[in-house]
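Structure record follows, encoded as structure tokens.
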Amino acid sequence: MLHDSRSITVNDYEKEVTVEGWAQEVRNLGGISFLILRDRYGVVQITAPKKKITPEIMQAITSLSRESVVRVTGTVRASAQVKSGYEIIPSALIVQSPSATPLPMGVVDKVDVEMDTRFNHRYMDLRKPEVRSIFEIKSLTMRLIDEYLADNAFVEIFTPKLVASGAEGGSTLFKVDYFGKVAYLAQSPQLYKQMLMSTGLDRVFEIGPAFRAEPSDTARHVSEFISFDGEMAHIDSQEDVMAMIEGCTQFVISEVKERGARALEMIGSEVVLPKAPYPILSYEKAVGMVQGAGFKIELGEDLGTEGEKLLGDLMAQDGNEMYWIVEYPEEAKPFYIMEKDGTPYSYSFDLDYRGQEISSGGQREHRYDRLVQRMEKKGLELSSFEFYLNSFAYGMPAHGGWGLGVERMVQKMLGLPNIRETILFPRDRNRLVP
RNA sequence: GCCCCGGUAGUGUAGUGGCCUAUCAUGAAGCCCUGUCGAGGCUUCGACUCGGGUUCAAAUCCCGACCGGGGCGCCA
């Protein structure tokens, strides 16, 4: 039975164990050599005093190239001089996979590595515990979302990622050849999750990839990301939807602090549970706030990146990390959002986390005639949405929902500078490999 | 897509017309050292993104391509 750096305890002292990992570092002092072996959970020190081990093992250790995979069997010995409190005196060592030299980038080098170099050699980058830990937190986040929504009677769904038309029109879609027909990679499960609202599956969610062919080039955009979508029927207002997201984000972040403590320590992130309830700002109020801070913007305009950041700073002054911006102009919102009659606004919301939008949603237009009107107003070709529209013609309850960018949430939660840090193999305008 | 900045050993950098046979660190190869943990000491190795141009002379100046960083836009 293989041990790892985490599972060796005082009970193993003076006993023989076998460990396997990457040779992180060899320090040869002549009469004694130290091999630092790294595995998923940490490092163990293999201590090789020349007089106590065979010349073959001494030779094998001192000639090891960094990052080779080795398996070591030896006796565990208590040592006050080692951080872990113990070391292993080797009796056998097998090089299972030697590493070539030099490394394309160092795992523990004392020099910086640029982000581009890191992503070109992501397999090597991920050997750093602080990088790997981000994905343990991301995995935990997914599981917690699952847990929360299951507790709230949501059904997990899987909608097609190969589709014939998009939710917002054609320009942001990736085109693919589908047996000679034109198809697209789905930019959102929007149409499908709404159709399900007419079925009795009245609370659904999906966590899956979304594809956007936007020519965006920022630290918060990628062309493939994980979208956490939810939709609920029989709602009274969008506040029902907002309450669900608020509960979910509160649950996720507080549990990440608990259950992810070890990984968070590796990353060096101090996660703060946002103050709840999250303040609700109307779009008008938000515009007024940034205007008041001297930012030039007209009512009706989008806040823009700077406005969004500025609002984040203003909210942070009162200790608010998350807040809602509701009732955006209907003109700026997609066709499926319900208009607030008698105003230029809509029943919609954005959830901002430290000056960045992580989620948006609202109440949907479920009234067939009004939906058709709105689609015509947005210039959509009704015939390509027939499959969707039909589900509104035979009994569709009032409903609302959201989409939340999982990576944006993880990024903001961990305070990371770039969304790419939260994606193993990010896709953007210039990166398709690896 | 726009604006600004950049591309030099495996990695990260210094060098902005001749003093470059290109700096430093890290790394790699090797040697010395019995308690290292950013080990230390010594020796060696290794680079100017590509294509044009200007000049007696280009890593350095100009043009183009490709790539990257920061910001914006588009957008989530």
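Residue numbers begin at 1 in each chain, while the letters A, B, ... track the order of the sequences.
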Sugar-phosphate, base or nothing in reach of A/Val43, heavy atoms under 4.0 Å: nothing

Under-4.0 Å side-chain N/O to phosphate OP1/OP2 contact, A/Lys412 with B/rA76: no

Between B/rA57 and B/rC45 - C1' atom distance, rounded Å: 30 Å

C1' gap between B/rA65 and B/rG40, integer Å: 48 Å

Verdict with reasoning, A/Glu407 to A/Lys138, per salt bridge (Lys or Arg N to Asp or Glu O under 4.0 Å): CA-CA 8 Å; A/Glu407 285 98 352; A/Lys138 187 175 177 181; 3.0 Å; yes

Whichever of A/Asn418 and A/Ser359 has its nearest RNA chain B nucleotide further upstream toward 5': A/Asn418

Of the listed nucleotides B/rA76, B/rG10, B/rG1, the one nearest the side chain of A/Asp217: B/rG1

Separation between the P atoms of B/rA59 and B/rG7, rounded to whole Å: 14 Å

Whole angstrom value for the distance that separates P of B/rA76 from OH of A/Tyr353: 22 Å

Strand partner of B/rG12, provided both Watson-Crick or wobble distances fall under 3.5 Å: B/rC24

Salt-bridge present (A/Glu206, A/Lys161; N to O < 4.0 Å): yes

Worked verdict on A/Gln45 versus A/Thr47 for side chain to side chain donor-acceptor pair (under 3.5 Å): CA-CA 6 Å; A/Gln45 175 168 295; A/Thr47 301; 3.0 Å; yes

OP1 or OP2 of B/rA28 under 4.0 Å from side-chain N/O of A/Arg66: yes

Rounded distance (Å) that lies between atom P of B/rA14 and atom CG of A/Asp112: 12 Å

Sugar-phosphate only, base, or nothing, as touched by A/Arg429 at under 4.0 Å among non-hydrogen atoms: base

Complementary nucleotide of B/rG17, counting Watson-Crick and G-U pairs under 3.5 Å: none

Whole-angstrom distance between B/rU60 and B/rG53, as gauged at atom P: 14 Å

Atom pair distance, as rounded to whole Å: CZ in A/Phe295 and P in B/rC72: 10 Å

Contact letters for nucleotides 30-36 of chain B, in which S counts primed atoms plus P, OP1 and OP2 and B counts the base, heavy atoms under 4.0 Å: ---BBBB

A/Asn120 CG - B/rG10 C1' separation (whole Å): 13 Å

Mutual orientation of the aromatic rings belonging to A/Tyr283 and A/Tyr328 [parallel < 30°, tilted 30-60°, perpendicular > 60°]: tilted

Touch class at under 4.0 angstrom, heavy-atom based, for A/Ser216 against every strand present: base

N or O in side chain of A/Thr117 less than 4.0 angstrom from B/rG12 OP1/OP2: yes

Beyond-backbone contact of A/Ile137 with A/Val271, side-chain heavy atoms, under 4.5 angstrom: no

Aromatic ring pairing A/Phe387/A/Phe385, orientation class (parallel under 30°, perpendicular over 60°, tilted between): parallel

Between C1' of B/rG68 and CZ of A/Phe119, the distance in whole Å: 13 Å

Ring geometry between A/Phe154 and A/Phe205 (parallel below 30°, tilted from 30 to 60°, perpendicular above 60°): perpendicular

Interatomic distance, A/His121 NE2 vs B/rG10 C1' [rounded to whole Å]: 9 Å

Pair partner, B/rC33 [Watson-Crick or wobble, under 3.5 Å]: none

Atom P, compared across B/rU16 and B/rU49: separation rounded to whole Å: 16 Å

Residue A/Arg408, side-chain atoms from C-beta onward, closest of B/rA76, B/rG12, B/rA28: B/rA76

A/Met115 CE to B/rC67 P, straight-line distance once rounded to whole Å: 16 Å

Nearest-angstrom distance, C1' atom, B/rU8 to B/rU23: 11 Å

Interatomic distance at P, B/rG73 relative to B/rG15, whole Å: 33 Å

Parallel, tilted or perpendicular: rings of A/Tyr13 and A/Tyr86 (30°, 60°): tilted

Watson-Crick or G-U wobble partner of B/rG64, both distances under 3.5 Å: B/rC50

B/rC62 to B/rG38 separation - P atoms, rounded to the nearest Å: 45 Å

Pairwise 5' ranking along RNA chain B for A/Gly304 and A/Asp428, keeping only the more 5' one: A/Asp428

Touch class at under 4.0 angstrom, heavy-atom based, for A/Asp109 against every strand present: base

Residue A/Lys110, side-chain heavy atoms: nucleotide from B/rA76, B/rC67, B/rA39 that is nearest: B/rA39

Whole-Å gap separating C1' (B/rG71) and CD (A/Glu308): 15 Å

A/Tyr148 and A/Phe251 aromatic centres sub-6.0 Å: yes

Whether A/Phe392 and A/His399 hold their rings parallel, tilted or perpendicular, with breakpoints at 30° and 60°: tilted

